[in-house]
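As structure tokens, the structure follows; a few thoughts come after it.
Basis for what follows: all heavy atoms, side chains included, without hydrogens, waters or symmetry-related copies.
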Amino acid sequence: MTDTSTAAQPHLSTADAALIPTETPGIAVANRSFDAIVAALRSALLTLSAPQQPVSVAVPPVIARALLERVGYVDGFPNLLGTVHSFAGSPARWHELQLARDEQNAPWHTAQQITDVAVLPATCYHLYPLFEGKDLTEPVVVTAEAYCYRNEGTHEHGRLRSFRMREFVRIGVADEVTEWRDAWVARAERWLGDLGLDVSVVPASDPFFGGAGRLMGATQREQQLKWELTAPVGDGAVQAVASANYHKDHFGTPFSIRIGGETAHTACAAFGLERITLALLAAHGPDPASWPARVRATLAVGPR
């Protein structure tokens with residue numbers, strides 16, 4: 001029996017890395033070569049962070065709506081939020097609703113109800129509740145990766161609605177978490193530069209502060225709460241491929257996280273794995289085997 005699984009879609013097995021668009025804007029499928037680069041980036045980032053000895057956890061791609069409401073995300077970014085809906089009751093009840101809907105000529109989604117979970121908008125939202133009510137004796141660094149979702153209103157290149165985000169979070173006191181954040185900015189800039197990317201470090205508004213944060217965007221930039229690292233990702237687009245943020249006590253206060261009896265401050269460093277991969281493809285071409293030797297060595301991909 002002949003295996004035709006790749007015959008119909010030969011580009012899925014090609015050596016050229018590709019992110020394959022679907023019929024839904026902002027949703028794409030990574031072929032094997034593209035995903036191999038993502039895996040190499042994941043490994044390189046964990047190696048880069050190794051001296052900090054981060055605690056690694058696995059988090060799901062969904063999160064409680066109540067938690068997002070608690071941290072202000074729902075209030076600040078309802079346009080980006082993706083909620084999860086379900087059909088209520090048993091299969092028998094569903095068939096009853098189907099009949100009633102058919103009689104009323106109502107659309108199928110009228111039988112849905114919103115559940116208590118939403119699609120995860122940022123990996124780190126799962127991490128702060130792990131320390132709720134704790135009084136830490138020393139700073140903590142935690143890392144996780146997840147598929148995230150944001151209902152982006154634009155279809156520009158590199159701005160996906162579903163994407164993988166690796167985050168590192170530091171919980172401590174104000175001075176040392178800002179030093180940690182700034183060190184990550186410098187480290188990430190060097191690392192991305194070693195990957196042959198044309199990187200710029202730019203101040204930005206911090207999304208963790210919700211609607212009020214958007215109104216005070218200029219002040220946030222002046223306070224340097226958020227730095228983005230941008231790079232060309234193809235098709236003339238320049239996107240943020242990584243960011244480093246200082247949240248002040250935005251998470252320490254609602255979760256009653258303390259360090260030495262004082263309210264903890266937090267910072268995070270986040271890396272968009274698909275966007276970095278797109279930037280690498282834009283800079284060096286679709287075949288990792290032909291990339292510059294220094295890039296291949298940094299990522300341990302292709303012949304070395």
N/O donor-acceptor pair under 3.5 Å between Arg181 side chain and Asn245 backbone: no

Beyond-backbone contact of Val185 with Val201, side-chain heavy atoms, under 4.5 angstrom: yes

His247 backbone acceptor or donor facing His265 side chain under 3.5 Å: no

Phe77 with Tyr125, same ILVMFWY side-chain cluster at under 4.5 Å: yes

Pro288 versus Ile37, closest heavy-atom pair with distance: CG-CD1, 3.8 Å

Atom pair CD1 (Ile257) and CD (Glu262), whose distance is rounded to the nearest 0.5 Å: 14.5 Å

Pairwise side-chain contact, Leu280 with Val295, heavy-atom cut-off 4.5 Å (strictly under): yes

Whether Arg296 side chain and Trp291 backbone form a donor-acceptor pair below 3.5 Å: yes

Check ion pair Glu132-Arg70 (N to O, under 4.0 angstrom): yes

Backbone of Gly261 reached by a side-chain donor or acceptor of Asp135 within 3.5 Å: yes

Closest contact, heavy atoms only, His284 versus Ser290: O-OG, 4.4 Å

Any donor-acceptor pair under 3.5 Å from Arg170 side chain to Phe168 backbone: no

Gap between atom NZ of Lys134 and atom OG1 of Thr137 - 0.5 Å precision: 11.5 Å

side-chain contact (heavy atoms from CB on, under 4.5 Å) partners for Asp194, two or more places apart: Arg294, Thr298

Exercise: identify the closest heavy-atom pair between Gly234 and His157: O-CD2, 3.2 Å

Close side-chain approach of Tyr149 and Leu81, heavy atoms under 4.5 Å: no

Whether Thr253 side chain and His250 backbone form a donor-acceptor pair below 3.5 Å: no

In one Ile/Leu/Val/Met/Phe/Trp/Tyr side-chain cluster, 4.5 Å: Leu299, Leu48: yes

Residues Leu45, Leu273; criterion side chain to side chain contact (heavy atoms under 4.5 Å, CB included); working and verdict: CA-CA 10 Å; Leu45 280 168; Leu273 299 183; 3.9 Å; yes

Side-chain donor-acceptor pair present, Tyr73, Asp75, cut-off under 3.5 Å: no

Check: Arg275 side chain, Ala240 main-chain N or O, donor-acceptor pair, under 3.5 Å: yes

Electrostatic pair Glu152-Arg161, nearest N-O below 4.0 angstrom: no

Path from Leu120 to Val117 over hydrophobic side-chain contacts below 4.5 Å: no

Close side-chain approach of Cys148 and Arg164, heavy atoms under 4.5 Å: no

Distance (rounded to the nearest 0.5 Å) between Asp16 CG and Leu281 CG: 9.0 Å

OG-CD distance between Ser200 and Glu189, expressed to the nearest 0.5 angstrom: 8.5 Å

Any Val84 side-chain heavy atom under 4.5 Å of Ile114 side chain: no

Close side-chain approach of Phe271 and Leu41, heavy atoms under 4.5 Å: no

Any donor-acceptor N/O pair, Asn31 side chain to Phe34 backbone, under 3.5 Å: yes

Axial cation check for Trp184 ring with Arg187, 6.0 Å and 45° limits: yes

Side-chain touch Phe131/Leu136, heavy atoms, less than 4.5 angstrom: yes

Stepwise side chain to side chain contact (heavy atoms under 4.5 Å, CB included) test for Lys248 and Leu225: CA-CA 8 Å; Lys248 297 187 174 182; Leu225 298 180; 3.9 Å; yes

Distance-minimising heavy-atom pair for Pro121 and Phe163: O-CZ, 4.5 Å

Distance, nearest 0.5 Å, that separates CG of Leu127 from CD1 of Ile171: 8.0 Å

Leu19 reachable from Val38 in the ILVMFWY side-chain graph, under 4.5 Å edges: yes

Considering all heavy atoms, the nearest Thr123-Glu167 contact: N-OE2, 3.3 Å

Verdict with reasoning, Val141 to Val169, per side chain to side chain contact (heavy atoms under 4.5 Å, CB included): CA-CA 5 Å; Val141 179; Val169 169; over 6 Å; no

With sequence neighbours excluded, residues passing side chain to side chain donor-acceptor pair (under 3.5 Å) with Arg42: Glu145

Pairwise side-chain contact, Lys226 with Ser243, heavy-atom cut-off 4.5 Å (strictly under): yes

Show me the donor-acceptor pairs, under 3.5 Å and distance only, between side chains in residues 51-68 and residues at least two apart or in other chains.
unit_1 : atom_1 : unit_2 : atom_2 : d
Gln52  : OE1    : Trp180 : NE1    : 3.3
Arg65  : NE     : Thr115 : O      : 2.7
Arg65  : NH2    : Thr115 : O      : 3.3

Test side chain to side chain contact (heavy atoms under 4.5 Å, CB included) applied to Val140 and Val142, step by step: CA-CA 7 Å; Val140 174; Val142 192; 3.7 Å; yes

Verify same cluster id: Leu160, Val238 (apolar side-chain graph, 4.5 Å): no

Closest non-hydrogen atom pair between Val233 and Gly158, with its separation: CG2-CA, 4.4 Å

